[in-house]
Amino acid sequence: MATFRGISFARLAVSCFQQNILKNIPLSRISSSNATIRTPQLWASLIHSSSSHASYRNTDFEDPPKKIGKVKLVPPNWLKYNDVVYPPTSPGEPERPAEICHHRMQIKYGTKKMWYLACMIRGMSIDEAIKQLSFHKRKGAAHLKEALEEAQEIAVRDHNVEFKSNLWISDSFVTRGIIVKGYRRHARGRYGIIQYRYTNFFVRLREGRPPKDYYPAEKTGNELMEDYIKKQRARRIEFGL
């Protein structure tokens with residue numbers, strides 16, 4: 001009998017039928033005599049699982065929904081910034097730099113863990129941000145790197161940016177996406193709740209060189225004292241003469 005990793009195909013087919021994997025797939029498409037599997041779903045489950053209780057889960061939607069319950073799967077207003085048309089600048093005024101807004105929705109990664117990466121790349125040039133994300137230890141860095149590369153390509157293709165390296169990250173933040181609840185089996189018939197969290201990433205690229213200090217520098221003691229004196233002198237006595 002033909003086997004795959006020590007598992008007979010007959011036993012695997014029975015197990016898959018029990019899990020409703022082959023509910024709509026005719027049995028004639030599975031051949032155990034010549035050790036071939038013509039079902040892509042079952043073949044994918046065999047590759048990613050070495051047990052007889054293989055399962056297949058497809059998370060790609062042919063027509064992705066825009067809303068699940070109260071959670072929106074598409075950003076309502078973020079991409080509208082790309083459609084804003086500004087008036088031409090007057091003679092002598094500096095040219096307005098190009099701005100490109102991009103997003104990536106429903107990333108299978110924790111929001112709090114992704115927040116560290118989004119804060120790290122703020123104020124960096126696009127090349128420096130991609131380089132830092134390429135060597136970062138967090139798994140979510142790969143998703144942010146792909147999103148930045150997509151935004152860089154869109155800037156050159158659709159927004160007339162001449163040099164793709166002449167961009168820096170003006171805004172970078174994350175929001176919470178959908179939360180899919182599952183359960184883990186425990187002993188004595190009990191179970192625990194598992195939360196599969198998704199994250200939305202938003203980025204704004206601006207043409208030009210990055211600023212020297214993205215965040216304002218802390219004020220010195222003398223500057224704080226001057227602000228305090230101005231605040232005290234600006235006080236007004238209510239109902240006074």
Side-chain angles (χ1 to χ4, degrees), residues 58-90 93-130 132-133 136 138-181 195-216:
N58 185 11
T59 57
D60 296 331
F61 297 99
E62 295 181 359
D63 188 11
K66 295 183 179 181
K67 193 174 182 181
I68 297 180
K70 296 182 179 180
V71 180
K72 295 182 180 180
L73 302 183
V74 294
N77 299 318
W78 182 248
L79 296 182
K80 291 183 180 179
Y81 289 108
N82 294 333
D83 301 331
V84 177
V85 178
Y86 296 96
T89 57
S90 302
E93 293 184 0
E95 295 184 0
R96 180 185 298 274
E99 290 185 353
I100 301 92
C101 295
H102 188 57
H103 73 283
R104 173 166 285 195
M105 303 292 290
Q106 309 307 331
I107 302 173
K108 183 61 184 71
Y109 201 69
T111 306
K112 292 183 179 180
K113 292 185 288 185
M114 188 73 79
W115 178 82
Y116 289 99
L117 299 172
C119 293
M120 181 191 71
I121 61 177
R122 290 175 187 167
M124 290 185 180
S125 63
I126 185 69
D127 292 338
E128 180 66 19
I130 292 176
Q132 293 293 334
L133 293 173
H136 204 279
R138 291 185 180 270
K139 295 181 181 179
H143 296 283
L144 266 62
K145 178 184 175 182
E146 292 178 0
L148 292 181
E149 291 175 346
E150 292 175 0
Q152 191 179 32
E153 181 181 355
I154 293 173
V156 176
R157 186 186 64 216
D158 300 336
H159 296 273
N160 299 325
V161 175
E162 185 175 2
F163 303 104
K164 67 176 185 178
S165 297
N166 190 27
L167 294 167
W168 65 282
I169 299 173
S170 176
D171 294 316
S172 173
F173 60 94
V174 295
T175 60
R176 188 178 67 180
I178 61 175
I179 299 178
V180 181
K181 290 187 177 181
Q195 293 182 342
Y196 301 96
R197 299 181 179 274
Y198 290 78
T199 303
N200 306 322
F201 173 66
F202 300 89
V203 63
R204 187 201 305 269
L205 302 182
R206 182 171 295 176
E207 189 177 14
R209 295 183 178 181
K212 183 178 179 181
D213 296 320
Y214 181 78
Y215 297 100

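Nothing fancy with the numbering, it's 1 onward along the sequence.
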Quick one: are [X] and [Y] in side-chain contact, heavy atoms under 4.5 Å?
X	Y	value
E207	H159	no
M114	L144	yes
L205	I169	yes
L133	M120	yes
Q132	I121	no
I126	L148	yes
I100	L167	yes
R138	Y116	yes

Mind listing the closest non-hydrogen atom pair of [X] and [Y] along with its distance?
X	Y	value
A151	H102	CB-CB, 3.7 Å
T111	R176	OG1-CA, 3.7 Å
W168	G208	CD1-O, 3.4 Å
M124	P210	C-CB, 4.4 Å
Q106	Y198	OE1-CB, 3.4 Å
S172	R122	O-NE, 2.7 Å

Crowded around [X] [atom1]? As in, over 12 foreign heavy atoms under 6.0 Å?
X	atom1	answer
Y215	OH	yes
N160	CG	no
Q195	CD	yes
W115	CH2	no

Could you give the distance from [atom1] ([X]) to [atom2] ([Y]), rounded to the nearest 0.5 Å?
X	Y	atom1	atom2	value
S125	N166	OG	CG	10.0 Å
S165	R209	OG	CZ	12.5 Å
T199	I107	OG1	CD1	6.5 Å
R197	K108	CZ	NZ	10.0 Å

Tell me whether the rings of H143 and Y109 are parallel (<30°), tilted (30 to 60°) or perpendicular (>60°).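 Rings of H143 and Y109: tilted, 30 to 60°.
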Side chain to side chain contact (heavy atoms under 4.5 Å, CB included) for E99 and Y81? Distances and angles first, verdict last. CA-CA 8 Å; E99 290 185 353; Y81 289 108; over 6 Å; no
So, does Y214 use its side chain to make a donor-acceptor pair with the main chain of S170 at under 3.5 Å?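 The answer is yes, because a donor-acceptor pair under 3.5 Å joins these two groups.
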List the steps and the verdict of side chain to side chain contact (heavy atoms under 4.5 Å, CB included) for Q152 and D127. CA-CA 10 Å; Q152 191 179 32; D127 292 338; 3.9 Å; yes
